[in-house]
Participant: 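Sharing a structure, written as structure tokens. Questions coming.
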Amino acid sequence: MRTPLWFPQSVFARILWLVLIVVLFSKALTLVYLLMNQDMLVDRQYSHGTALTVRAYWAADESSRGAIAAAAGLRQLKQDEVPQGEYHWPYTEVLEEQLRLELGDATELRMRAQRSPKLWVLAPALGPDWVEVPLYPYPLKGQRIWSVLGWFLAIGLLSTAAAWLLVRQLSLPLKRLVFAARQIGRGRSVRLPVGDTPSEMTELYRAFNQMSADVEQAARERELMLAGVSHDLRTPLTRLRLSLELLPADNELTEDMVRDIEDMDAILDQFLAFIRDGRDEPLEELDLNELIREVAAPLNQSEERVRLCLEPLPAMPLRRVSIKRLLANLMGNALRHGGSGVEVCSSLSGGAAAPYVVLSVLDRGPGIDPAELETIFNPFIRGDRARSTQGTGLGLAIVKRIAAQHGGSVELRNRSGGGVEARVCLPLGLLLPRDAA
């Protein structure tokens with residue numbers, strides 16, 4: 001089942017919202033409890049005093065009732081003189097219940113909390129008329145309720161802040177794991193601290209560290225093996241090249257064999273370039289456009305084979321040799337497969353919040369089968385059915401690795417009208433936006 005867009009997407013947000021909802025729900029229940037119980041105790045005392053006042057008023061003789069009414073602020077009213085009352089939960093129910101217990105089941109009550117609060121009590125068991133009793137604002141005064149709500153809001157905010165700190169500490173090991181996984185993907189050596197983590201994360205960290213060590217060991221063994229093979233093959237190739245130089249120059253077989261040896265040397269260079277992926281090369285603040293011009297200059301010596309459409313770009317941290325290798329591979333592929341009409345474009349995109357540089361190398365070759373676009377960046381994979389079969393299949397794999405080391409991405413797209421666009425996105429900040437394409 002797909003998670004709705006309005007639902008928190010991260011574990012941190014989900015736990016924080018869960019704690020917040022639980023805190024607010026508990027505070028709401030506590031507020032209801034206080035309104036229904038603690039204030040009811042006060043209201044019962046207030047209604048008991050009202051009952052005593054009404055009972056004393058009707059127990060006195062008629063000559064004394066005027067003095068009692070004047071002293072207590074009471075008034076005796078007929079049925080048609082009493083206004084309609086107002087309902088205030090839970091105070092009305094509490095007062096009615098208490099007065100009926102003390103003055104009889106037939107007792108009626110009307111209440112007004114606004115505009116000079118008053119109570120009107122009719123106790124048929126004591127007297128025939130209504131008695132108006134002054135009602136003091138407490139506990140029906142609205143300011144008191146807002147004061148309680150304000151306290152609960154403050155407590156809720158403090159609880160939320162405490163929950164935020166707690167959840168942040170709980171999610172910190174997961175953030176470390178995400179960061180470490182990204183560093184591993186960029187070819188860096190990373191180890192996670194096991195000593196200062198919760199017990200639930202300790203085993204996960206140990207497994208990750210073991211996996212990281214195994215990956216590094218496998219990379220070292222692969223590098224050693226390929227470097228050894230490349231070194232061992234260069235010696236007999238050099239001897240063959242020297243032997244061919246001693247043969248007559250007009251021999252056609254000699255020229256073919258020299259070209260084969262040069263191809264084998266180029267293949268070995270690709271292997272070595274794939275092994276030495278530039279992870280140890282330092283970053284420099286460079287202008288990408290200058291590197292593009294440096295790589296394109298030898299290709300445009302005799303004629304303009306690569307047209308440059310470069311927009312001004314800010315300096316950004318780059319590995320000089322690695323980026324030049326990326327550019328050389330993309331331009332070489334475009335020239336080899338697309339012939340003339342190769343263009344290299346650079347631009348700035350993403351806005352001020354998350355800017356990134358877009359580098360596009362475009363050709364007008366036969367294009368690539370859409371079914372191969374997903375796998376063409378894998379090592380030793382070539383787009384054989386659509387484009388030339390020359391090369392080792394490592395060029396695009398090297399391009400993808402170099403782009404990933406700079407926090408970017410690379411994508412191949414078939415162009416309308418024929419040809420391919422190789423688009424590289426490199427972030428100017430720490431991360432590449434999700435919509436960068």
Side-chain angles (χ1 to χ4, degrees), residues 20-159:
L20 179 60
I21 291 173
V22 171
V23 169
L24 293 180
F25 183 70
S26 64
K27 297 303 176 185
L29 290 181
T30 306
L31 178 60
V32 173
Y33 175 81
L34 289 178
L35 290 176
M36 295 183 63
N37 292 275
Q38 183 177 354
D39 286 351
M40 286 182 185
L41 297 177
V42 179
D43 297 340
R44 286 193 174 96
Q45 294 297 324
Y46 192 91
S47 62
H48 178 65
T50 302
L52 291 179
T53 302
V54 173
R55 191 185 296 275
Y57 176 79
W58 288 114
D61 53 48
E62 292 187 8
S63 60
S64 302
R65 287 177 187 171
I68 295 175
L74 307 179
R75 281 202 310 160
Q76 183 175 341
L77 303 173
K78 299 297 182 180
Q79 177 71 31
D80 55 356
E81 296 177 326
V82 180
Q84 293 296 321
E86 302 171 355
Y87 180 82
H88 294 277
W89 182 87
Y91 310 110
T92 300
E93 295 179 358
V94 174
L95 293 174
E96 285 182 347
E97 179 184 359
Q98 188 69 21
L99 289 174
R100 285 171 181 167
L101 286 175
E102 298 197 34
L103 302 180
D105 294 337
T107 301
E108 297 184 28
L109 173 69
R110 294 183 186 180
M111 176 189 302
R112 186 175 67 192
Q114 306 296 332
R115 305 181 312 276
S116 65
K118 289 183 175 60
L119 288 176
W120 293 273
V121 180
L122 174 63
L126 301 178
D129 295 327
W130 289 78
V131 177
E132 181 183 277
V133 182
L135 176 64
Y136 299 99
Y138 181 85
L140 299 179
K141 190 175 181 181
Q143 287 86 340
R144 184 172 183 272
I145 297 178
W146 286 113
S147 175
V148 173
L149 291 176
W151 275 103
F152 271 81
L153 179 60
I155 295 173
L157 292 176
L158 292 175
S159 302

Participant: Check whether Arg65 reaches the backbone of Ala60 with its side chain - one donor and one acceptor, N or O, closer than 3.5 Å.
Facilitator: yes
Participant: Does the side chain of Val131 reach to within under 4.5 Å of the side chain of Arg75, using non-hydrogen atoms?
Facilitator: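 No - every pair of side-chain heavy atoms lies 4.5 Å or more apart.
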Participant: For Leu77 and Glu81, work out which heavy atoms get closest and say how close.
Facilitator: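 Closest pair (atom of Leu77, atom of Glu81, distance): CA-OE1, 3.3 Å.
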Participant: Hey, what do you get for CG (Leu95) to OG1 (Thr107), rounding to the nearest 0.5 Å?
Facilitator: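 Between Leu95 CG and Thr107 OG1, I get 12.5 Å after rounding to 0.5 Å.
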Participant: Take His48 and Glu102 through the side chain to side chain donor-acceptor pair (under 3.5 Å) test and state the conclusion after the steps.
Facilitator: CA-CA 8 Å; His48 178 65; Glu102 298 197 34; 2.8 Å; yes
Participant: Just distance, no hydrogens or angles: give the donor-acceptor pairs under 3.5 Å from side chains in residues 118-128, sequence neighbours left out.
Facilitator:
| residue | atom | partner | partner atom | Å |
| --- | --- | --- | --- | --- |
| Lys118 | NZ | Ser116 | OG | 3.3 |
| Trp120 | NE1 | Glu132 | OE1 | 3.0 |

Participant: Give me the one residue out of Tyr57, Trp130, Trp58 that meets side chain to side chain donor-acceptor pair (under 3.5 Å) with Gln76.
Facilitator: Tyr57
